[in-house]
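Worksheet: one structure, shown below.
Keep in mind that this is a model prediction, so the values were computed, not measured.
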Amino acid sequence: MKVLPEDFVKLFNERHFNILYQASTSDYQALMSEEEFVTYANDFKNNSGDFELKFHNSIHYKVDRYCFIDDNDTHMITAVFHQNGEIGGIQFDFHEQYETDDDYTKNEYKFPINDEWFVLWGGTNAFLNYHYPYKNQRYAYDLVQSISGHVHNGLEKKLSSYFTYGKDVVAPLKGEVVDVYLHQPDNFIGIPNMEQPMGNAVVLKHENDEYSMVAHLQAGSIVVRVGDTVEQGDLLGFAGNSGASNEPHLHFQVTDGRDLIDSNSLRIRFKDYEKEPVQAETVRGV
């Protein structure tokens, strides 16, 4: 059974949940039974209004994502569609916006990269940015290198086949190295290290008491040490797959404090962008 994206919202609003479940992939169905899905969807709909399409983008080859928000502006549904018409996943969530969206960095930054990368996660809602619900990483970015919608050359279990792996990671702004996290191995693809979520990482202190972090760097690649002063564009290390990372990508964020757990993520002002980029856009760094 296939359901077109434009029919999804009508079926959901009319509570045809069985049809949506039957149109989903076997991988999604393995996560829950049809009865469980219908029960959860009913409960979710009971507490929300009617939904309509708000966002649509594509972040993977042959996969499109759609975001539906209810007319109360309180609930959201993200649905992933494969080009063959199957629904790859359905996620139910709250649609939250935070007052901190108005709090930008005082400094202007560049992305900590040398060439063009793709924004995998970034923006000011949970559809565009899965970090958004968490105050200490709300405005973080996850970046990857993508070629024609592909993130690797076809060998998906081999780290070196990922275009991101081993790419230069550079300082987004002049600063002092205040923390360096080392000695974490690169993960096997699909097996993140949740006990050391940052993996190999570098934290820089900048003017105005702002702190930037780059994380998930390649094992053994970091070339700076605590106390070093770096200029914008100086090499910090190479992109890897350490920490809470399923596949090679670069995590970049700015906070108002050095403690990355208790600090507040800051919305980043970029030197080269009048409006900060969001998911599915291509960006260039230093």
Side-chain angles (χ1 to χ4, degrees), residues 54-69 76-81 88-98 100-101 104-105 109-113 115-147 149-152 162-165 167 169 172 187 189-190 192-194 197-199 201 212-217 239-255 260 263-270 273 275-285:
K54 289 293 184 181
F55 304 103
H56 163 233
N57 65 25
S58 177
I59 60 174
H60 290 296
Y61 181 62
K62 292 185 178 181
V63 174
D64 290 299
R65 299 171 68 246
Y66 294 80
C67 179
F68 307 94
I69 297 177
M76 62 185 288
I77 304 170
T78 299
V80 176
F81 285 81
I90 303 171
Q91 180 178 338
F92 304 105
D93 209 341
F94 292 107
H95 181 236
E96 297 178 298
Q97 297 296 139
Y98 296 94
T100 53
D101 288 358
Y104 284 85
T105 57
Y109 295 81
K110 291 193 173 186
F111 282 100
I113 53 178
D115 41 13
E116 287 191 347
W117 290 48
F118 181 82
V119 179
L120 184 63
W121 295 104
T124 55
N125 62 61
F127 172 71
L128 298 172
N129 191 356
Y130 84 93
H131 306 99
Y132 186 71
Y134 311 103
K135 74 178 186 71
N136 64 336
Q137 53 181 321
R138 181 159 295 151
Y139 307 106
Y141 282 86
D142 282 349
L143 306 174
V144 296
Q145 284 222 303
S146 176
I147 299 176
H150 298 273
V151 296
H152 55 73
Y162 284 76
F163 307 129
T164 301
Y165 191 72
K167 293 294 184 180
V169 177
N187 305 320
I189 298 300
N193 178 1
M194 304 307 295
M198 290 180 292
S212 68
M213 180 182 73
V214 291
H216 310 315
L217 302 185
N241 193 44
S242 60
S245 180
N246 284 301
E247 60 185 47
H249 74 280
L250 176 64
H251 178 100
F252 169 53
Q253 68 178 59
V254 178
T255 58
L260 299 174
S263 297
N264 297 300
S265 177
L266 297 172
R267 195 169 176 181
I268 304 171
R269 286 198 303 132
F270 288 99
Y273 297 90
K275 183 178 180 182
E276 74 269 34
V278 298
Q279 183 186 71
E281 296 183 4
T282 299
V283 297
R284 178 174 286 275

(request) With Ile113 as reference, evaluate Val283, Val214, Val169 under the side-chain contact (heavy atoms from CB on, under 4.5 Å) test and give the passing residue. (result) Val283
(message) Quick check: do Asp64 and Ser58 have side-chain heavy atoms less than 4.5 Å from each other?
(response) yes
(message) I want to check something: taking the side chain as every heavy atom from C-beta on, are Ile189 and Pro248 in contact at a cut-off of under 4.5 Å?
(response) yes
(message) Tell me whether the NZ or CZ atom of Arg65 lies within the 45° cone about the ring axis of Phe81 and under 6.0 Å from its centre.
(response) no
(request) Indicate the atoms forming the closest heavy-atom contact of Ala239 with Thr164, along with that distance. (result) CB-O, 3.4 Å
(message) Looking at Phe118, is its backbone amide N or carbonyl O close enough to the side chain of Thr282 to form a donor-acceptor pair, meaning the two atoms are under 3.5 Å apart?
(response) no
(message) Could you measure the distance from the CG atom of Asn264 to the OG1 atom of Thr255? Nearest 0.5 Å is fine.
(response) 8.5 Å
(message) A side-chain contact here means heavy atoms from C-beta on lying under 4.5 Å apart; do Phe111 and Phe252 qualify?
(response) yes
(request) Specify the closest pair of heavy atoms between Ala215 and Leu250, including all atoms of both residues, with the distance to one decimal. (result) O-CD1, 3.7 Å
(message) Is any side-chain heavy atom of Met198 closer than 4.5 Å to one of His251?
(response) no
(request) Scan side-chain atoms only and decide if Glu247 and Asn241 contain a donor-acceptor pair under the 3.5 Å cut-off. (result) no
(message) Once rounded to the nearest 0.5 Å, what's the spacing between atom CG of Asn125 and atom CD of Gln279?
(response) 8.5 Å
(message) Walk me through whether Val278 and Val119 qualify under side chain to side chain contact (heavy atoms under 4.5 Å, CB included).
(response) CA-CA 7 Å; Val278 298; Val119 179; 5.8 Å; no
(request) Would you mind reporting whether Trp121 and Leu128 have side-chain heavy atoms less than 4.5 Å apart? (result) no
(request) Name all residues meeting the side-chain contact (heavy atoms from CB on, under 4.5 Å) criterion together with His152; count only those two or more places apart in sequence or in a different chain, and write none if there are none. (result) Glu156, Ser161, Tyr162
(request) Run through Asn129, Thr105, Asp101, Thr124 and flag the one making a side-chain hydrogen bond (donor to acceptor under 3.5 Å, both in side chains) with Tyr139. (result) Asp101
(message) Any non-hydrogen side-chain atom of Ile77 less than 4.5 Å from a side-chain atom of Ile69?
(response) no
(message) Does any part of the side chain of Thr78, heavy atoms only, come nearer than 4.5 Å to the side chain of Tyr66, both counted from C-beta?
(response) no
(request) Answer yes or no: does atom NZ of Lys135 have more than 12 heavy-atom neighbours from other residues, nucleotides or ligands under 6.0 Å? (result) yes
(message) Is the positively charged end of Arg138 above the ring of Tyr132, judged by distance under 6.0 angstrom from the centroid and angle within 45° of the axis?
(response) yes
(request) Look at the aromatic rings of Phe270 and Tyr273 and report parallel, tilted or perpendicular, splitting at 30° and 60°. (result) perpendicular
(request) Specify whether Phe127 and Phe55 have parallel, tilted or perpendicular ring planes, treating 30° as the upper limit for parallel and 60° as the lower limit for perpendicular. (result) parallel
(message) Quick check for you: to the nearest 0.5 Å, what is the distance between His150 atom NE2 and Gln145 atom CD?
(response) 15.0 Å
(message) Would you say Ser245 and His249 are linked by a side-chain donor-acceptor pair, where the criterion is simply a distance under 3.5 Å?
(response) yes
(request) For Pro192, check side-chain contact (heavy atoms from CB on, under 4.5 Å) against everything at least two apart and list the hits. (result) Met194, Asn246
(message) Tell me if the NZ atom of Lys110 is crowded by more than 12 foreign heavy atoms within 6.0 Å.
(response) yes
(message) Nearest 0.5 Å, please: how far is CD in Gln137 from OG in Ser265?
(response) 8.0 Å
(message) Quick check: do Val254 and Met213 have side-chain heavy atoms less than 4.5 Å from each other?
(response) no
(message) Please determine whether salt bridge (Lys or Arg N to Asp or Glu O under 4.0 Å) holds for the pair Arg267 and Glu276, giving the CA-CA distance in whole Å, both sets of side-chain angles, and the decisive distance to 0.1 Å.
(response) CA-CA 9 Å; Arg267 195 169 176 181; Glu276 74 269 34; 2.3 Å; yes
(message) Tell me whether Tyr141 contacts the main-chain N or O of Pro277 through its side chain, where contact means a donor paired with an acceptor under 3.5 Å.
(response) yes
(message) Assess the residue pair Cys67 and Met76 against the criterion (side chain to side chain contact (heavy atoms under 4.5 Å, CB included)); give the C-alpha distance rounded to whole Å, side-chain angles, the decisive distance to 0.1 Å, and a yes or no.
(response) CA-CA 7 Å; Cys67 179; Met76 62 185 288; 3.5 Å; yes
(message) Just verifying a value: how many Å separate Asn187 CG and Ser242 OG, rounded to the nearest 0.5 Å?
(response) 7.0 Å
(request) Please say whether more than 12 non-hydrogen atoms of neighbouring residues, nucleotides or ligands are located less than 6.0 Å from OH in Tyr98. (result) yes
